[in-house]
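The first residue of the sequence shown is numbered 1, and numbering continues consecutively from there. Bear in mind the structure is a predicted one, so any value in this text is a computation, not a measurement.
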Amino acid sequence: MTMHPDVERILVSEEEAREICRRLGAQISKDYAGKKLLLVSVLKGAIVFMADLLRYITCDCQIDFMAVSSYSGVKTTGVVKFKKDLDINPDGCDILLVEDILDSGITLEYLKNILIDRNAASIRVCTFLDKPTNRRANIQAEYVGKVIPDEFVVGYGLDYNEKYRNLPYVGILSPKVYADK
């Protein structure tokens, strides 16, 4: 696979992404065996990670989706916009929020509070990437694929203005793409 010309360098290869999903899937399967697991993917970015992770989860589970956003371009706005709610009632479910990247934490903290109010039995977070340097909310992930530096990344579901989601790796987006925007 050749690197996209807008990507400075690859941070997570296809092979590493697969290994992360395998490792996390095995741990989640062990931790949730016999429980009422509901995987909730945060759209749109987490869809690729959720699909790959799901292949390695061996315990019974259901999946659902929520769509929220607190981003405009490369920066968080600090305001969460709710776009799609769950179809499955979370009451009594052991929820695993599946996220592409835990950055500011604002979105996940917002979702976690909503699900607490809806009587979820438990709520944990699984994130493909963790960028702790930008954390603005008091939230941590129980399952972390990889901790990354403070770089703007795209690919493997992550986007910049709806582009680059289809890259099979995670790469650092060249600042020339978003500078002065």
Side-chain angles (χ1 to χ4, degrees), residues 1-28 39-56 65-81 83-84 96-112 124-181:
M1 166 56 75
T2 53
M3 192 166 67
H4 191 284
D6 293 343
V7 172
E8 285 187 344
R9 69 183 167 89
I10 294 174
L11 197 60
V12 180
S13 68
E14 290 180 70
E15 296 78 22
E16 186 178 1
R18 197 169 20 259
E19 184 50 43
I20 286 169
C21 291
R22 186 177 294 116
R23 173 177 52 85
L24 293 175
Q27 188 61 53
I28 291 164
L39 296 165
V40 175
S41 176
V42 182
L43 296 173
K44 299 176 188 171
I47 189 79
V48 175
F49 174 49
M50 170 86 134
D52 287 351
L53 177 66
L54 193 56
R55 292 179 177 102
Y56 294 102
F65 303 91
M66 295 178 99
V68 295
S69 179
S70 65
Y71 274 81
S72 177
V74 297
K75 299 275 187 209
T76 182
T77 63
V79 177
V80 178
K81 293 180 185 172
K83 298 176 179 180
K84 184 217 175 293
L96 185 60
L97 287 169
V98 179
E99 182 64 293
D100 54 355
I101 187 166
L102 177 50
D103 194 354
S104 70
I106 292 168
T107 302
L108 280 179
E109 183 180 57
Y110 176 81
L111 290 178
K112 198 169 183 179
R124 289 182 172 175
V125 174
C126 176
T127 188
F128 182 65
L129 302 173
D130 188 7
K131 194 190 301 185
T133 54
N134 290 343
R135 196 82 74 243
R136 291 175 33 196
N138 185 24
I139 192 163
Q140 300 296 322
E142 289 80 6
Y143 303 94
V144 174
K146 182 173 183 159
V147 176
I148 63 166
D150 187 15
E151 300 279 0
F152 193 80
V153 293
V154 294
Y156 199 70
L158 294 142
D159 75 304
Y160 170 66
N161 288 343
E162 296 299 326
K163 288 179 62 181
Y164 311 105
R165 290 188 195 277
N166 59 321
L167 299 177
Y169 54 81
V170 175
I172 296 172
L173 186 63
S174 173
K176 73 178 191 293
V177 174
Y178 57 86
D180 303 323
K181 299 209 179 188

Kindly compute the distance separating CG (Asp6) from NZ (Lys163), expressed to the nearest 0.5 Å. 5.5 Å
In Å, rounded to the nearest 0.5 Å, how long is the span from CE of Met66 to OG of Ser41? 11.0 Å
Measure the shortest side-chain to side-chain distance between Lys84 and Leu43 over non-hydrogen atoms and say whether it is less than 4.5 angstrom. yes
Pairwise side-chain contact, Lys131 with Ile101, heavy-atom cut-off 4.5 Å (strictly under): yes
Determine the minimum heavy-atom distance between His4 and Tyr169, stating which atoms define it. N-OH, 2.8 Å
Taking the six-membered ring for Trp, are Tyr156 and Phe49 parallel (under 30°), tilted (30 to 60°) or perpendicular (over 60°)? tilted
Are Arg22 and Glu19 within salt-bridge range, i.e. N to O under 4.0 Å? yes
Restricting to non-hydrogen atoms, name the atom on Leu11 and the atom on Glu16 that form the minimum distance, rounded to 0.1 Å. O-OE1, 3.8 Å
Show your reasoning for whether side chain to side chain contact (heavy atoms under 4.5 Å, CB included) applies to Asp100 and Val42. CA-CA 8 Å; Asp100 54 355; Val42 182; over 6 Å; no
May I ask you to decide if Leu173's main-chain N or O and Glu8's side chain share a donor-acceptor pair within less than 3.5 Å? no
Hey, what do you get for CD (Glu109) to CG (Asn138), rounding to the nearest 0.5 Å? 6.5 Å
Rounded to the nearest 0.5 angstrom, the CG-CZ distance for Leu53 and Arg23 is 10.5 Å
Inspect the contact between Glu162 and Lys44 and indicate whether a charged nitrogen and a carboxylate oxygen are less than 4.0 angstrom apart. yes
Euclidean distance, Leu102 CG relative to Arg135 CZ, rounded to 0.5 Å: 3.5 Å
Nearest heavy atoms of Phe152 and Asp159, plus distance in Å: CZ-O, 3.7 Å
Would you name the heavy atoms of Pro132 and Ile148 that are closest together and state the gap between them? CD-O, 4.2 Å
More than 12 foreign heavy atoms under 6.0 Å from CG of Asp150: is that the case here? yes
Determine yes or no for a side-chain-to-main-chain donor-acceptor pair under 3.5 angstrom, with Arg9 supplying the side chain and Gly171 the backbone. no
Can you check whether Val12 reaches Phe128 side chain to side chain, under 4.5 Å on heavy atoms? yes
Any donor-acceptor N/O pair, Ser174 side chain to Val177 backbone, under 3.5 Å: no
